[in-house]
Amino acid sequence: MRSPDRTRCVNAENPRGGKGKAAMSASHLGPSRKGTPCLRDIQPGQEVVLADLQGAGVIRHIWMTVAESTSPTGPNLLRNLILECYWDGEESPSVCAPLGDFFCCGHAQACRIESLPMAVYPRRGFNCYFPMPFHSGARIVLRNEHHEPVEAFFYQIDYAEKDDLPDDVMTFHAQWRRQRVTDLARDYVILDGVRGAGTYAGTYLALTALESRWWGEGEVKMYIDGDQDYPTWCSTGSEDYFGGAWSFAGHDPDGATVEQTYTGTFMGFPFRSRSLHDRESEYWDTDTPVTRGFYRWHIPDPIVFQESIKVTLQQIGVDEQGLFERQDDLASVAYWYQIEPHLSFPAEVLKTTERDRRPR
């Protein structure tokens, strides 16, 4: 069957996505010879519109890349560039997250991801394949909340123009949250304040362990359609939720027990570190608490809600005396689809400070 879709793309070479309008700018090599491969000199506090699309369509693929730092004094760029998406003329974004965390690279450090909707190759080639439909328009914005200019930002947004979309097509949402020290015996909130019908699509978690011993006995809980004291859906533990088991334990060549990282189609533990990458110093140490990154996509096993959803994570660990309540540093991105309109994200999600975002 012949598709009525019309293939388009937006990048610095074709910022408006026009048909027959790509690769028009000139370089020293001549006309249409890689004249504008990227956006340059994005200043601190500046907001740039990456795409401003009119009519109905579906974004099929997003690719982006940028340096991991702007200088020796500006290392946390992946946490300080904020990605926002607005659908159909809305004033409150449906997507608001630091660039790195959105692509499952928290802690302002990139890593390799090989999953169905997100892929990062080999370190900072950020790819997203979540379909992002829009009925009358789409606007994608990058905010530079870094303290230094961004010399070069590369991106491409591939989409299909459509004549129209059914009214009940749900739009894509993603929301970043962080709690630098979780409250004792109180569940960390991954997502709340969602009203309407939709599907929860996945979770990214950036964990910094602030206490020793095993951290991952806490259950992920999903309160669906008015659940109050107890959820309808829960996992049996944190590493279980991300598809692992037995503390991700394996053995190194010397026989010592080590955690094993992995990256798969629908779930992964791609990142573990105890240091700051490429930030060696003669004057202070670069050791950190253990930092980890995880993802879980609810694509073959969607969490469907008709009225509301709330997603939380317990902070429970285990040591020689058994289970205990922990306090750690958690950051997360929740991904979901829902019928618009959506409730505005909390103020602390929309406007974060450098301190809010700074990794350990």
Side-chain angles (χ1 to χ4, degrees), residues 1-11 14-22 47-64 82-97 99 102-103 116-118 127-143 155-176 191-202 224-225 297-299 302-309 333-346 349-350:
M1 179 184 296
R2 187 173 73 177
S3 172
D5 293 355
R6 299 173 294 278
T7 297
R8 301 288 186 265
C9 83
V10 165
N11 53 31
N14 189 10
R16 300 188 66 83
K19 185 180 184 305
K21 300 294 185 181
E47 180 178 289
V48 294
V49 177
L50 303 180
D52 192 358
L53 312 178
Q54 305 301 315
V58 179
I59 294 169
R60 299 293 190 188
H61 170 236
I62 295 175
W63 168 85
M64 296 177 176
I82 310 300
L83 184 66
E84 294 183 338
C85 299
Y86 301 79
W87 314 126
D88 304 326
E90 62 190 4
E91 296 184 1
S92 177
S94 289
V95 172
C96 184
L99 185 76
F102 178 80
F103 289 101
L116 186 67
M118 294 288 188
N127 295 271
C128 174
Y129 283 95
F130 273 117
M132 302 181 188
F134 50 93
H135 296 265
S136 61
R139 188 164 62 94
I140 299 180
V141 172
L142 184 77
R143 287 194 285 117
Y155 73 102
Q156 179 154 326
I157 300 166
D158 299 311
Y159 66 101
E161 286 185 346
K162 292 180 173 289
D163 293 331
D164 55 43
L165 286 172
D167 291 341
D168 60 353
V169 167
M170 298 184 291
T171 55
F172 176 77
H173 296 71
Q175 181 186 116
W176 184 78
L191 181 63
D192 196 8
V194 174
R195 300 293 181 270
T199 301
Y200 189 74
I224 301 171
D225 297 337
W297 308 126
H298 293 277
I299 293 174
I303 307 298
V304 178
F305 55 95
Q306 305 299 330
E307 300 173 2
S308 64
I309 190 169
V333 181
Y335 308 81
W336 76 100
Y337 289 85
Q338 72 166 93
I339 297 292
E340 297 287 0
H342 71 272
L343 296 181
S344 295
F345 294 176
V349 170
L350 296 175

**OP:** Report, as yes or no, whether the 6.0 Å neighbourhood of atom CZ on Arg6 holds more than 12 heavy atoms from other residues, nucleotides or ligands.
**Re:**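 Atom CZ in Arg6 is packed in, count exceeds 12.
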Original post:
Is the count of non-hydrogen atoms from other residues, nucleotides or ligands lying under 6.0 Å from Asp167 atom CG greater than 12?
Top reply: no
Hey, does [Y] have a side-chain heavy atom less than 4.5 Å from the side chain of [X]?
X: Pro93; Y: Leu350; answer: yes
X: Thr171; Y: Met132; answer: no
X: Val48; Y: Val141; answer: no
X: Lys21; Y: Arg16; answer: no

**OP:** Any chance you could lay out the side chain to side chain contact (heavy atoms under 4.5 Å, CB included) test for Arg139 and Glu90, step after step, and finish with the verdict?
**Re:** CA-CA 9 Å; Arg139 188 164 62 94; Glu90 62 190 4; over 6 Å; no
Side-chain ([X]) to main-chain ([Y]) donor-acceptor, under 3.5 angstrom:
X: Asp225; Y: Glu307; value: yes
X: Trp336; Y: Leu191; value: no
X: Asn11; Y: Pro15; value: no
X: His61; Y: Gln156; value: no

What distance do [X] atom [atom1] and [Y] atom [atom2] have between them, rounded to the nearest 0.5 Å?
X: Met170; Y: His342; atom1: CE; atom2: NE2; result: 15.0 Å
X: Ile82; Y: Leu99; atom1: CD1; atom2: CG; result: 8.5 Å
X: Ser92; Y: Leu343; atom1: OG; atom2: CG; result: 9.0 Å
X: Cys9; Y: Asn14; atom1: SG; atom2: CG; result: 5.5 Å
X: Leu165; Y: Phe134; atom1: CG; atom2: CZ; result: 8.0 Å
X: Cys85; Y: Ile59; atom1: SG; atom2: CD1; result: 6.5 Å

**OP:** Decide side chain to side chain contact (heavy atoms under 4.5 Å, CB included) for Glu340 and Ser94; before the verdict, give the C-alpha distance in whole Å, the side-chain angles of both, and the deciding distance to 0.1 Å.
**Re:** CA-CA 10 Å; Glu340 297 287 0; Ser94 289; 3.2 Å; yes
[X] and [Y]: which non-hydrogen atoms are nearest, and at how many Å?
X: His135; Y: Asp88; result: N-OD1, 2.7 Å
X: Leu83; Y: Phe102; result: CD2-CD2, 3.9 Å
X: Val10; Y: Leu50; result: CG1-O, 3.1 Å
X: Phe172; Y: Pro131; result: CB-O, 4.0 Å
X: Lys162; Y: Val58; result: CE-CG2, 3.6 Å
X: Gln175; Y: Phe345; result: NE2-CD2, 3.3 Å

Original post:
Can you tell which of Tyr200, Tyr129, Phe130, Trp176 makes a ring pair (Phe, Tyr, Trp, His ring centres under 6.0 Å) with Tyr335?
Top reply: Phe130
**OP:** Might you work through the side chain to side chain contact (heavy atoms under 4.5 Å, CB included) test for Arg60 and Asp5, ending with a clear yes or no?
**Re:** CA-CA 12 Å; Arg60 299 293 190 188; Asp5 293 355; 4.2 Å; yes
**OP:** Could you give me the CA-CA distance, side-chain angles and deciding distance for Arg143 and Glu84, then say whether salt bridge (charged side-chain N to carboxylate O under 4.0 Å, His left out) is met?
**Re:** CA-CA 8 Å; Arg143 287 194 285 117; Glu84 294 183 338; 2.9 Å; yes
**OP:** Using the side-chain contact (heavy atoms from CB on, under 4.5 Å) rule, pick out the option among Ile303, Thr199, Val304 that qualifies with His298.
**Re:**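 Per the side-chain contact (heavy atoms from CB on, under 4.5 Å) rule, the option paired with His298 is Ile303, out of Ile303, Thr199, Val304.
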Original post:
Can you check side chain to side chain contact (heavy atoms under 4.5 Å, CB included) on Asn127 and Ile62, steps first, answer last?
Top reply: CA-CA 6 Å; Asn127 295 271; Ile62 295 175; over 6 Å; no
